[in-house]
Amino acid sequence: MGFHNIDSDAIATAATGITIVFVALILIAIFIALLPKILEFVGEVFPPPINYDAPTPSVKTDDGEILAAIGFICHEIEKQTKAKN
Amino acid sequence: MEILTEFLKTTGWANLTLGNAIMIVIGLAFIGLAIRKHYEPLLLVPIGMGIVVGNIPPVEGMTLGVYDAGSVLNYIYFGVSQGIFPPLIFLGIGAMTDFSTMLSNPRLVLLGAAAQVGVFLTFLGALFLDFSPQHSGAIGIIGGADGPTAIFLSAKLAPELLGAIAIAAYSYMALVPVIQPPIMKLLTTRDERLIRMSPPREVSKRERMIFPIAAFLICAMIAPGAIVLLGMLFFGNLLKESCVTERLAQSARTAMIDIVTILLGFSVGASTQAQQF
């Protein structure tokens with residue numbers, strides 16, 4: 001046990017390790033910083049396809065009238081059932 | 001009477017060593033810390049219970065312990081000793097992680113370098129304490145407070161220290177919420193701690209999808225030895241960000257990582273038999 005165990009090889013190993021990690025992190029940081037510009041450039045060269053599909057026509061529904069009809073029928077059935085009983 | 005005497009010789013009480021007793025107390029302390037203080041309960045409860053189970057004295061002639069070939073615990077521990085569990089945990093972590101904040105402010109990537117100070121100081125500290133360079137390399141990862149990586153590297157560089165390193169790494173991780181606040185208070189003023197950070201810029205879906213693939217390629221080309229861990233981490237993140245594999249991402253970040261954490265924690269705990277540890 002002692003500082004004699006930490007020789008030049010150990011320091012070199014630690015320094016190399018730190019350098020490798022820093023290089024990787026700096027490369028990733030640079031890539032992330034450039035990514036929006038790269039995507040912008042790619043978007044200019046290969047513009048996204050234009051969608052020529054016709055817009056879906058809005059469907060007019062008669063939900064209110066249908067519900068009113070269903071309600072009326074249910075009411076009539078209930079009335080008839082009560083009358084029979 | 002002779003049968004009863006023979007039976008009594010095989011009981012845990014008859015074979016309990018001081019080492020086993022101390023380890024059982026440590027296991028119970030882990031469970032207590034997890035339940036009473038809420039220190040990383042998802043890790044400390046399985047590890048603590050594993051320590052208790054692993055330190056019940058072995059019965060001669062029966063294959064029960066982690067180190068007995070063919071035992072159930074030995075099969076579970078296979079995932080630790082062969083480095084299978086850590087990459088699966090990384091897959092789940094990748095599926096959980098949202099890199100948007102980092103992508104909006106790339107300088108934050110360099111904060112990751114801070115962990116390296118811990119790793120390499122621990123490495124040099126282990127050398128100081130007379131460990132071999134391989135052992136020191138495995139011990140150094142404890143300084144990065146990264147349990148799965150510490151286990152993965154120990155399985156490769158220092159299998160005989162795996163249990164001790166895993167326990168040290170997870171204990172250190174569990175203590176981070178205790179260690180960090182006083183250090184943060186020491187190094188910052190109250191005004192600095194009250195700074196409101198401006199909201200990050202909006203990160204596009206395409207950026208989030210491209211990041212895991214590009215980051216994996218950058219890192220793997222520099223350090224191919226890490227492809228298993230990096231590949232699983234970024235694969236998990238791609239599952240999350242691709243928006244077409246939500247079901248797989250959901251499984252990876254919930255059921256799968258939970259199952260692996262249970263198996264890893266319990267078997268690592270059980271590997272701390274006083275006779276071997």
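The chains referred to below are lettered A, B, ... by the order of the sequence lines, with proteins before strands, and numbering in each begins at 1.
In this structure the side chain of A/Ile28 reaches within 4.5 angstrom of the side chain of B/Phe211, judged on heavy atoms. With a 4.5 Å cut-off on side-chain heavy atoms, A/Ile6 and B/Phe128 count as touching.
Around atom CD of B/Glu202, no more than 12 heavy atoms belonging to other residues, nucleotides or ligands sit under 6.0 Å away. Residue-environment remark: NZ (B/Lys156) exceeds the threshold of 12 foreign heavy atoms within 6.0 Å. Annotation for B/Arg107: atom CZ does not count as buried by contact number, only 12 or fewer foreign heavy atoms lying within 6.0 Å. Surrounding CE of B/Met221 are at most 12 heavy atoms belonging to other residues, nucleotides or ligands under 6.0 Å away. Other residues, nucleotides and ligands contribute over 12 non-hydrogen atoms within 6.0 Å of the CZ atom of B/Phe99. Other residues, nucleotides and ligands contribute only 12 or fewer heavy atoms inside 6.0 Å of the CD atom of A/Glu78.
Heavy-atom distances place the side chain of B/Phe123, and not its backbone, under 4.5 Å from chain A. For B/Ile222, the part lying under 4.5 angstrom from a heavy atom of chain A is the side chain only. Using a 4.5 Å cut-off between heavy atoms, B/Ser104 makes no contact with chain A at all. Of the two parts of B/Leu103, the backbone and the side chain both hold a non-hydrogen atom closer than 4.5 Å to a non-hydrogen atom of chain A. At a 4.5 Å heavy-atom cutoff, the contact between A/Phe3 and chain B is made by backbone and side-chain atoms alike.
Here A/Ile32 is the residue among A/Ile38, A/Ile11, A/Ile32, A/Val21 with the most heavy-atom pairs under 4.5 Å with chain B. Counting heavy-atom pairs closer than 4.5 Å to chain B, the top-ranked of the candidates A/Ile18, A/Leu35, A/Leu27 is A/Ile18.
Nearest approach of B/Pro106 to A/Ala29, heavy atoms of both residues: CB-O, 3.5 Å. Scanning all heavy atoms of the two residues, the minimum distance from B/Ser204 to A/Leu39 falls at OG-CD1, 4.2 Å. The shortest non-hydrogen separation linking B/Leu124 to A/Ala14 is CD2-CB, 4.4 Å.
Atom CG of residue B/Asp130 and atom CG of residue A/Asn5 lie 4.5 Å apart, to the nearest 0.5 angstrom.
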